[in-house]
Amino acid sequence: MPSETSNWIVSVPVQEEKGHEQMFQDLVSQLVRDGACEQTDVAPIRMPPLKTGTLESLIVMAEDLPKIDTIFAAILARIVDALRALLNDDEDAMNENMNIDGMSVEDYVMSWKWNSGKYRVEKSLNDLIELFTKEMQSIDHIMRQKLTAYNAAKGQLQQLERKKHGNLTVCSLADIVHKDDMVDANSEFLTTLLVVVPKTQVKDWLAKYERLTPMVVPRSSAQLAQDEDYVLYNVTLFKKVQEEFMQKARENKFHIREFVWDEGLLARERAELEQAGASEKELWSELLRLSCVNFAEAFQSLFHFKIVRTFVESVLRFGLPATYFVAVVEPTPRKAKAIIKSLVRQFDYLNEYISSQETKPADASTQQNETPGEFVNLLEQEVFPFVLTEQPMITV
């Protein structure tokens, strides 16, 4: 059962007595009469005059197309995920930035035309597939590079902000600890340590710190700062017991903060934070612009690929001449089954058509003019009398 979250590209042989326009009108009338969907949910697609190539090449291609389809869809999905992250899942912003040639995705799909300037129909099907593949791989490569650069800048900014705004176990102490809170760094015998104590253990610290090791300066510990969970203390002791004191402190679950007084540290940290913020903002803007462009390019490439896949499967299913009526249907939520039933009813006559073609003997001399019925069964087993290709909708 096709997904309700995909647009359906439906293909059948053109009935010469009716032609494309009449077949489209008949299809719309059937869908509306059955209450399956509205008239605006169906649009005709003009299949370009693609080259069929040999039957053997089509069969080989048909085996590869599903794999390529999956890869292309994953690339497009990664671009959409990047946009979601950049725009914080803002629906209005997503709709504003995800457009194709100034159109919404839905309008593009429902008014689609083959881009003959970019994808020349004179090329073989294999050449077109190779062109789509190179384009999608290039888009994916560039996106991965830019995402890596942006995520690195974002990570650096988050780390600096964590140092600025985190709790006392991780935040910068440059604007908390003053020169007077530390003994002279040039002292031959004494040093000052900074200790972060959980608020639940403050009494424990005050009772123990003087006796954790010998040679701790009595009453040298003072509170320097506190947050919701921790209190920062300093303590002065002799350098010769520093390592032992740090070990004892950790055993008592007191957190030692390494810190060396530097008069210019605060200014450097502020400059570093500002620079990281500016770099992250610049890369964010660049990645957003690139994601919007690549989304449009990737979606167009994927949709053109879907048309080629539909064409290949139609030739293998219905044979030549390769003149097919194609339409795109946007399933109405919760009415997918009704639409399928209506489509089956509309194209039920094709079941007899396919059966009659399968009984025809294969003749190599007329390979380009007769339906290759004996090869129909090489395709994935279909449950519908028409070819159906799914194009995932972009939901925000």
Side-chain angles (χ1 to χ4, degrees), residues 2-11 20-21 24 27-28 31 37-50 65 68-84 86-87 90-121 128-129 131-133 135-136 138-140 142-143 288-311 324-333 336 339 387-396:
S3 170
E4 289 185 2
T5 59
S6 294
N7 290 302
W8 301 346
I9 302 171
V10 178
S11 174
H20 290 84
E21 295 298 330
F24 178 69
L27 173 61
V28 172
L31 290 168
C37 64
E38 301 295 330
Q39 184 172 348
T40 54
D41 296 329
V42 191
I45 286 182
R46 181 65 69 174
M47 181 73 77
L50 298 171
L65 291 179
I68 299 173
D69 199 331
T70 300
I71 293 171
F72 286 5
I75 291 172
L76 181 63
R78 283 195 288 271
I79 298 174
V80 174
D81 288 342
L83 282 167
R84 288 187 192 281
L86 292 169
L87 299 172
D90 186 309
E91 183 175 340
D92 292 335
M94 291 282 287
N95 287 325
E96 181 181 347
N97 285 277
M98 291 198 309
N99 58 76
I100 303 165
D101 294 337
M103 296 182 288
S104 68
V105 174
E106 181 180 357
D107 289 342
Y108 172 80
V109 169
M110 302 307 282
S111 61
W112 180 86
K113 293 181 181 178
W114 182 272
N115 188 339
S116 57
K118 189 174 183 180
Y119 309 113
R120 300 183 65 83
V121 294
L128 286 173
I129 297 299
L131 180 60
F132 298 143
T133 301
E135 184 176 21
M136 294 295 277
S138 176
I139 289 172
D140 191 41
I142 294 172
M143 283 297 299
L288 178 61
R289 288 193 298 271
L290 182 67
S291 298
C292 293
V293 171
N294 282 342
F295 169 79
E297 294 295 322
F299 192 92
Q300 290 184 75
S301 184
L302 177 58
F303 201 88
H304 281 74
F305 168 81
K306 295 284 188 178
I307 297 300
V308 171
R309 180 176 179 181
T310 301
F311 177 80
Y324 305 108
F325 164 74
V326 185
V328 59
V329 180
E330 181 179 346
T332 305
I339 296 174
V387 169
L388 188 151
T389 306
E390 296 186 58
Q391 167 68 38
M393 296 179 186
I394 305 299
T395 56
V396 297

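Values reported hereafter were calculated over all heavy atoms of this structure, with side chains retained and with hydrogens, waters and symmetry mates removed.
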Practice problem: With sequence neighbours left out, write down each residue that passes side chain to side chain contact (heavy atoms under 4.5 Å, CB included) with Cys292, or none if nothing qualifies. | Solution: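 Leu83, Asn97, Leu288.
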Exercise. Mark yes or no for whether Asn115, through its side chain, and Gly117, through its backbone, hold a donor-acceptor pair below 3.5 Å.
Key: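 The answer is yes, because a donor-acceptor pair under 3.5 Å joins these two groups.
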Are side-chain heavy atoms of [X] and [Y] found at a separation under 4.5 Å?
| X | Y | result |
| --- | --- | --- |
| Val109 | Val328 | yes |
| Phe303 | Ile9 | yes |
| Gln300 | Tyr108 | yes |
| Pro392 | Thr5 | no |

Exercise. Not counting sequence neighbours, which residues clear ring-ring contact (aromatic ring centres under 6.0 Å, His included) with Phe132? List them please.
Key: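 ring-ring contact (aromatic ring centres under 6.0 Å, His included) check on Phe132 returns Tyr119.
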Exercise. Kindly write out the residues that satisfy ring-ring contact (aromatic ring centres under 6.0 Å, His included) with Trp8, not counting sequence neighbours, or none if the list is empty.
Key: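 Partners of Trp8 by the ring-ring contact (aromatic ring centres under 6.0 Å, His included) criterion come out as none, since no residue qualifies.
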Contact summary for [X] and [Y], nearest pair of heavy atoms:
| X | Y | answer |
| --- | --- | --- |
| Ser291 | Met143 | OG-CE, 3.4 Å |
| Met136 | Ile75 | O-CD1, 3.7 Å |
| Ser3 | Pro331 | O-CG, 4.3 Å |
| His20 | Phe325 | O-CE1, 3.7 Å |
| Ile307 | Met47 | CG2-SD, 3.5 Å |
| Ala296 | Ile100 | CA-CG1, 4.0 Å |

Quiz item: Between Lys306 and Asp69, does a side-chain contact (heavy atoms from CB on, under 4.5 Å) hold up when you go through it step by step?
Solution: CA-CA 8 Å; Lys306 295 284 188 178; Asp69 199 331; 2.7 Å; yes
Ignoring hydrogens and angles, state whether a donor on the side chain of [X] or [Y] is under 3.5 Å from an acceptor on the partner side chain.
| X | Y | answer |
| --- | --- | --- |
| Ser11 | Thr310 | no |
| Ser104 | Asp107 | yes |
| Glu135 | Ser301 | yes |

Looking at [atom1] of [X] and [atom2] of [Y], how far apart are the two atoms once the value is rounded to the nearest 0.5 Å?
| X | Y | atom1 | atom2 | answer |
| --- | --- | --- | --- | --- |
| Leu65 | Thr70 | CG | OG1 | 10.5 Å |
| Cys37 | Glu330 | SG | CD | 9.5 Å |
| Thr133 | Leu128 | OG1 | CG | 10.5 Å |
| Asp41 | Thr332 | CG | OG1 | 4.0 Å |
| Glu91 | Glu96 | CD | CD | 13.0 Å |
| Asn7 | Glu4 | CG | CD | 12.5 Å |

Quiz item: Can Asp140 and Ile71 be said to form a side-chain contact (heavy atoms from CB on, under 4.5 Å), step by step?
Solution: CA-CA 10 Å; Asp140 191 41; Ile71 293 171; over 6 Å; no
Exercise. I would like to know whether Asp90 and Arg84 meet salt bridge (Lys or Arg N to Asp or Glu O under 4.0 Å); could you show each step before the answer?
Key: CA-CA 7 Å; Asp90 186 309; Arg84 288 187 192 281; over 6 Å; no
Practice problem: Report the relative orientation of the aromatic rings in Trp114 and Trp112; use parallel for angles under 30°, tilted for 30 to 60°, perpendicular for over 60°. | Solution: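 The rings of Trp114 and Trp112 stand perpendicular, inter-plane angle above 60°.
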Self-check item: Leu27 vs Val42, side-chain contact (heavy atoms from CB on, under 4.5 Å): CA-CA, chis, key distance, verdict
Solution: CA-CA 9 Å; Leu27 173 61; Val42 191; 4.2 Å; yes
Quiz item: Is there a side-chain contact (heavy atoms from CB on, under 4.5 Å) between Phe295 and Val105 once you walk through the steps?
Solution: CA-CA 10 Å; Phe295 169 79; Val105 174; 3.6 Å; yes
